[in-house]
Amino acid sequence: MNVYMDHASTTPVDPRVVEKMMPYFMEKYGNPSSSLYEIGREARKAVEESRVKVASAINAAPGEIIFTSGGTEGDNLAIKGTALLDKDKKHIIISSIEHFSVLSTCDWLKKQGFEVTKVPVDRYGVVDLSELENAIRKDTALISVMHANNEIGTIEPIEEIGRIASDNGIIFHTNACQTAGRVPIDVRKMDIDLMTLSSHKIYGPKGAGAIFVRKGTRLEPLFHGGGHERKLRSGTENVPGIVGFGEALDLACREMRKEGERLTRLRDRLIRGILKIERSWLNGHPEKRLPNNAHFCFKFIEGESMILELDFNGISGGTGSACSSPTLEPSHVLSAIGLPKEDVHGSLRLTLGKQNTKEEVDYVIEVLPKIIERLRNISPFKEDFGEYESALAHEHKH
Amino acid sequence: MKVPWHTSISIDWSDWMYSDKLIEEFRNPKNMGKMENPDGVGKVGNPTCGDVMYLYIKVNDDRIVDIKFETFGCAAAIGTSSIITEMAKGLTLDEASKITKQDVADEVDGLPPIKMHCSVLAADALKLAIEDYRKKKGKKSDMKS
Ligand SMILES: Cc1ncc(COP(=O)(O)O)c(C=O)c1O
Ligand code: FES
């Protein structure tokens with residue numbers, strides 16, 4: 001059986017989305033800026049219709065939507081675009097569990113002389129609001145806290161953070177790549193100034209997305225050129241991508257309620273089944289979590305070998321283990337919720353999606369315990385991490 | 001010799017993927033488990049990623065007659081643990097202590113560059129087990145004399 005359970009990483013494109021995109025490759029291939037003739041106008045019309053769809057999905061005005069190449073660009077544009085605007089404001093507040101597209105952007109800004117405060121989270125991954133308020137300074141340019149975390153699925157108290165930011169006159173950005181189309185978003189109610197969206201997380205094409213820029217919020221562009229997208233993002237629009245993204249978000253919002261309930265039931269079934277494994281636990285918040293996210297730890301085994309074993313059984317999932325990361329560092333999110341690296345080793349993320357069925361969930365529940373048992377048999381640790389630290393202290397001499 | 005990736009004209013899959021040989025060792029590890037009353041034990045960890053390997057040896061007449069491992073780590077760590085036990089079994093202690101991380105990596109048809117440090121774990125654990133055996137034996141012969 002082939003079971004894809006890594007929808008937080010990416011999703012297949014919905015056939016209805018592909019159908020909408022198709023004409024914009026070979027028939028309606030015009031440049032939206034060339035609106036003096038028909039095929040150019042067709043492309044412009046498609047882009048603007050998509051903008052309306054995206055805007056209405058989050059209770060924004062169409063003029064507040066800027067199309068981008070996806071989540072990474074959106075986060076870069078929102079954060080650098082705000083930071084580089086006001087020479088006197090050199091301070092940024094983020095949470096300690098942001099996506100790399102926010103973290104690395106802030107690391108770069110640090111090199112340009114900015115100061116960045118990372119607000120801690122509790123053991124469920126919820127941002128500490130009083131720490132956030134305490135971190136605010138006169139020269140704070142921006143608060144950026146993600147709507148929901150991509151690893152552990154915790155949904156942050158965005159409305160409260162929005163209020164804190166607006167009470168203090170600070171721009172508030174949220175990365176909603178994991179939530180748009182999955183949980184309701186209202187940028188007005190949530191006091192959001194800037195918001196990042198990505199298409200390929202919601203059954204749209206890769207390389208497309210948008211940021212919401214509240215009317216009156218200024219940004220410094222990253223791409224200079226022909227002045228597209230209200231001069232905030234020059235470059236000929238990715239018309240098929242934009243059409244696909246708009247359609248995908250529209251479908252996701254219309255099906256959100258029903259699909260959300262179905263996914264929540266499946267997720268809870270998965271969690272109940274997996275937690276029967278000894279020495280395992282759930283990470284993230286028990287209730288305030290994405291309907292499709294299940295995140296576990298299993299003691300005494302390592303995640304990369306678990307993912308490979310799952311792959312042999314046709315199952316795709318993710319892990320935060322240091323061994324699977326290109327930097328050999330344990331996941332900063334799992335470290336931030338207080339897990340030591342040996343526990344991060346045994347982490348597993350399963351994120352559900354449209355095609356997943358009850359049968360697939362039951363298949364994972366059947367296969368995973370055998371994998372855990374096999375790997376625990378290989379591991380020197382069975383009851384506790386006994387001599388773990390002293391073995392680590394035997395550093396190689398070559 | 002390996003050419004730098006940006007000048008290479010062919011795709012080197014070993015940069016991303018494990019060899020079939022390594023996968024085979026990972027899926028069907030040999031000599032796995034704890035050993036009762038070993039003559040020497042090597043317990044090493046990898047401070048970079050946090051993996052740990054235990055290696056046990058039984059020695060007779062200066063030769064490794066039995067060898068076992070337990071590993072808490074990635075597929076490369078488990079696979080190279082298994083292969084080094086097969087490489088070392090039957091060798092004299094001097095021969096076995098000459099096994100390098102490169103020998104281990106070659107034996108599994110190469111490792112992705114980022115996984116080379118995992119084979120260090122195996123080579124170090126073996127050296128440590130041999131050292132441990134020699135230390136214990138030294139003490140015993142000290143007591144005799
Ligand atoms: C929370 C979050 N932010 C940003 C991104 C980056 O989005 P994109 O892949 O569209 O650049 C991702 C996905 O990789 C994500 O999960
Ligand atoms: S030993 Fe940790 S990456 Fe292989």
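Protein chains get the first letters and strands the later ones, always in sequence-line order, with residue 1 at the start of each.
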Extract all donor-acceptor atom pairs below 3.5 Å that involve side chains of residues 83-91 of chain B and protein atoms in other chains or at least two apart in sequence.
unit_1, atom_1, unit_2, atom_2, d
Thr85(B), OG1, Asn31(B), ND2, 2.9
Thr85(B), OG1, Ser82(B), O, 2.5
Lys89(B), NZ, Asn31(B), OD1, 3.1

Exercise for the section: Check whether Lys115(B) gets within reach of chain A through its side chain, its backbone, both or neither, counting any heavy atom under 4.5 Å. Expected result: side chain
Problem - Contacts of residues 372-385 of chain A with chain B (heavy atom under 4.5 Å) - result: Arg374(A), Leu375(A), Asn377(A), Ile378(A), Ser379(A), Pro380(A), Phe381(A), Lys382(A), Phe385(A)
Practice task
Please state whether the side chain, the backbone, both or neither of Glu387(A) comes within less than 4.5 Å of a heavy atom of chain B.
Solution key: both
Exercise for the section: Would you indicate whether Lys30(B), at its atom NZ, is surrounded by more than 12 heavy atoms from other residues, nucleotides or ligands within a distance under 6.0 Å? Expected result: yes
Exercise for the section: Can you establish whether the number of heavy atoms outside Phe100(A) located under 6.0 Å from its atom CZ is more than 12? Expected result: no
Handout entry: Pairwise distance SG(Cys74(B)) to CE(Met306(A)) - rounded to 0.5 angstrom
Key = 13.0 Å
Problem - Residues in residues 51-67 of chain B that sit under 4.5 Å from chain A, counting heavy atoms only - result: Asp51(B), Val52(B), Tyr54(B)
Practice task
Count the heavy-atom pairs under 4.5 Å between each of Ser305(A), Pro330(A), Gly346(A), Gly303(A) and chain B, then report the option with the highest count.
Solution key: Ser305(A)
Problem - Over 12 non-hydrogen atoms of neighbours within 6.0 angstrom of CG in Asp20(B) - result: no
Handout entry: Heavy atoms from other residues, nucleotides or ligands near CZ of Arg123(A) exceed 12 (cutoff 6.0 Å)
Key = no
Handout entry: Nearest-0.5 Å distance that lies between atom NE2 in His345(A) and atom CZ in Phe72(B)
Key = 4.5 Å
Problem - Spacing of Leu308(A) atom CG and Ile78(B) atom CD1 [to the nearest 0.5 Å] - result: 9.5 Å
Problem - Point-to-point distance, once rounded to the nearest 0.5 Å, from CG of Leu328(A) to CD1 of Ile114(B) - result: 4.5 Å
Can you give the donor-acceptor pairs under 3.5 Å from side chains of residues 332-342 of chain A to other protein atoms, not counting sequence neighbours?
unit_1, atom_1, unit_2, atom_2, d
His332(A), NE2, Glu98(A), O, 2.7
Ser335(A), OG, Ser331(A), O, 2.9
Lys341(A), NZ, Pro47(B), O, 3.3

Problem - Glu302(A) portion near chain B, given a 4.5 angstrom heavy-atom threshold - result: both
Handout entry: Atom group of Ser321(A) that falls short of 4.5 Å from chain B, counting heavy atoms
Key = neither
Practice task
Using a cut-off of 6.0 Å, state whether more than 12 heavy atoms not belonging to Lys80(A) lie near its atom NZ.
Solution key: yes
